[in-house]
Amino acid sequence: MNISTSQSLFEKAQQYIPGGVNSPVRAFRAVGGSPIFIKSAKGPYVYDEDGNEYIELINSWGPMILGHANDLIQKAVSDAIQHSFSFGAPTRREVEIAELIVSMVPSIEKVRMVNSGTEATMSAIRVARGFTGRDKIIKFEGCYHGHGDSFLIAAGSGAATFGTPDSPGVTRGVANDTLTAPFNDLSAVQGLVDANKNQIAALILEPVVGNMGCVLPAEGFLEGLRRICDEEGIVLILDEVMTGFRLSKGGAQERFGITPDLTTLGKIIGGGMPVGAYGGKAEIMNWVSPAGPVYQAGTLSGNPIAMAAGLTMLNYLNEHPEVYSQLEVSGNRLVNGFKNSQQKLGLDYTLNHIGSMYTLFFTSQPVTDFSTAKSSDLVLFGKYFHAMLNRGIYMGPSQFESMFLSTALTDSHIDTIIAANQESLKEILSI
Ligand code: KE4
């Protein structure tokens, strides 16, 4: 496959941009080789600068749940830009999207728009600290909540990919206020809580983890966290930047029947434009400036163009619940196809899946937390990634990521992915 234009662009990019990319995981460091530069996308396809077509499973790391260049969202954005781009003043669409989010996610009584998932999670723990008057937070090893200092402790996603789960530049003071526990380990959480009585402001987690690869909550885990937070006056924050509006209309919290105190959102909420949000109980959110004393602000928060995209996306998902049943069918079709191939080839790699999220781990251990995710053979994953890429399937370039399906994938696309998976496994294992 000719990727010479991408290669020359990457050469040039590295002269001006750290690592040649504006977000580390894009650099293919974990899988080797030179990243492909995307020129355009439509539906289930992305096209690189050399004209190669790929069926894609990244979907911009989650936002493109309806596929790329969705006609409705494109029209909403092109209509909105006729009226300029940004005012730094309140606009109608911000009220409309807030009202819609509150109706779609019952635990959210008030919501604040920001520009990224990182801003959402940073702000959520700040308001939790302000509301409780406490300093410490609990996060889980392998969970990723963006690049805010408090979260770059045992972080997942790109931080795990590059072996910097504890990034330089994060001060000891900040690190001391972040306690970590293994995902799915309730007793470890109880231990931290007992050892830090009345000091823990918030507990934050991805209810279904995407950022150590896809890892599901064990039976009773989420309920146990809710109980502990209720007993201890700890703010339970579900980071649904990835799962929000993906695992159901109301996100993972609706699917698993858990009511958090705060929720963070991103990705799908912007329809591909830079949007994040945090929201939850009014008694907590009313601590956010200017209603309350916890300061948080943003020049482009609620940007009218981004709101046009996000509002169109959320309205569509709200009015077409069949999107979720379609994604369940697609996810099951893909995973059953992968499992059939593994059976045929006598393999037993772990395949974690829920709805339109999945990860094939190159380990035969059940993957239930970060340490078991790290038992995967990363070299083999790198070979698999390139074998799939060479067959026109564009996956996330890291073992510690979830793949995402969109409604633009037909059965034929899914069957093509299944066939490419089987051929790729045979190639890299020489079977
Ligand atoms: P952003 O700041 O990247 O918009 O969101 C941070 C974030 C917060 N919470 C969760 C659960 C997330 O998954 C993310 C970002 N996800 C990664 C993908 N694993 C973004 C991809 C990247 O870093 O380039």
Side-chain angles (χ1 to χ4, degrees), residues 17-31 35 38 56-65 113-125 137 139-162 164-165 167 183 202 204-217 237-247 251-253 260 262-278 298 300-301 303 306 309-310 354 356-359 370 373 395-404:
I17 308 169
V21 291
N22 284 312
S23 198
V25 72
R26 304 174 185 172
F28 277 24
R29 287 275 178 101
V31 294
I38 304 299
E56 85 125 332
L57 291 167
I58 302 184
N59 284 295
S60 182
W61 302 100
M64 315 315 282
I65 191 170
M113 307 307 290
V114 293
N115 299 285
S116 69
T118 293
E119 269 195 87
T121 55
M122 281 168 56
S123 309
I125 61 164
I137 65 164
K139 77 173 285 290
F140 292 90
E141 294 154 14
C143 281
Y144 178 73
H145 304 292
H147 65 86
D149 281 3
S150 295
F151 303 119
L152 290 181
I153 319 289
S157 184
T161 300
F162 299 112
T164 53
S167 169
F183 192 71
I204 185 169
L205 75 153
E206 298 175 59
V208 167
V209 188
N211 289 295
M212 54 176 112
C214 181
V215 175
L216 277 65
I237 304 173
L238 291 188
D239 179 357
E240 295 225 47
V241 166
M242 199 179 260
T243 56
F245 311 112
R246 174 166 286 279
L247 292 186
Q253 57 191 271
L262 294 178
T263 299
T264 54
L265 297 165
K267 297 180 190 280
I268 290 172
I269 193 176
M273 299 289 277
V275 180
Y278 65 104
L300 296 175
S301 295
N303 171 274
I354 179 168
S356 59
M357 292 174 65
Y358 80 88
T359 298
F370 198 27
M395 293 174 50
S398 166
Q399 174 70 90
F400 304 120
E401 296 289 355
S402 177
M403 298 306 108
F404 302 97

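Computation of the quantities below employed the complete heavy-atom set of this structure, encompassing side-chain atoms and omitting hydrogens, waters and symmetry-equivalent molecules. Counting starts at 1 for both ligands and their atoms, following the listed order. Position 1 is the first residue of the sequence, and the numbers go up from there.
You'll find the side chain of Val21 stays beyond 4.5 Å of the side chain of Phe28, heavy atoms only. At least one side-chain heavy atom of Glu240 sits less than 4.5 Å from a side-chain heavy atom of Pro207. You'll find the side chain of Val209 stays beyond 4.5 Å of the side chain of Cys214, heavy atoms only.
Listed for the Thr359 side chain is a donor-acceptor partner under 3.5 Å among the backbone atoms of Glu401.
Listed here is the closest heavy atom pair of Ser356 and Arg246: OG-NH1, 2.8 Å.
To the nearest 0.5 Å, atoms OG (Ser402) and CE (Met212) are separated by 12.0 Å.
If you look at ligand 1, the protein residues with a non-hydrogen atom under 4.0 Å away are Ser23, Val25, Trp61, Ser116, Gly117, Thr118, Tyr144, His145, Gly146, Ser157, Glu206, Asn211, Asp239, Val241, Met242, Lys267, Glu401.
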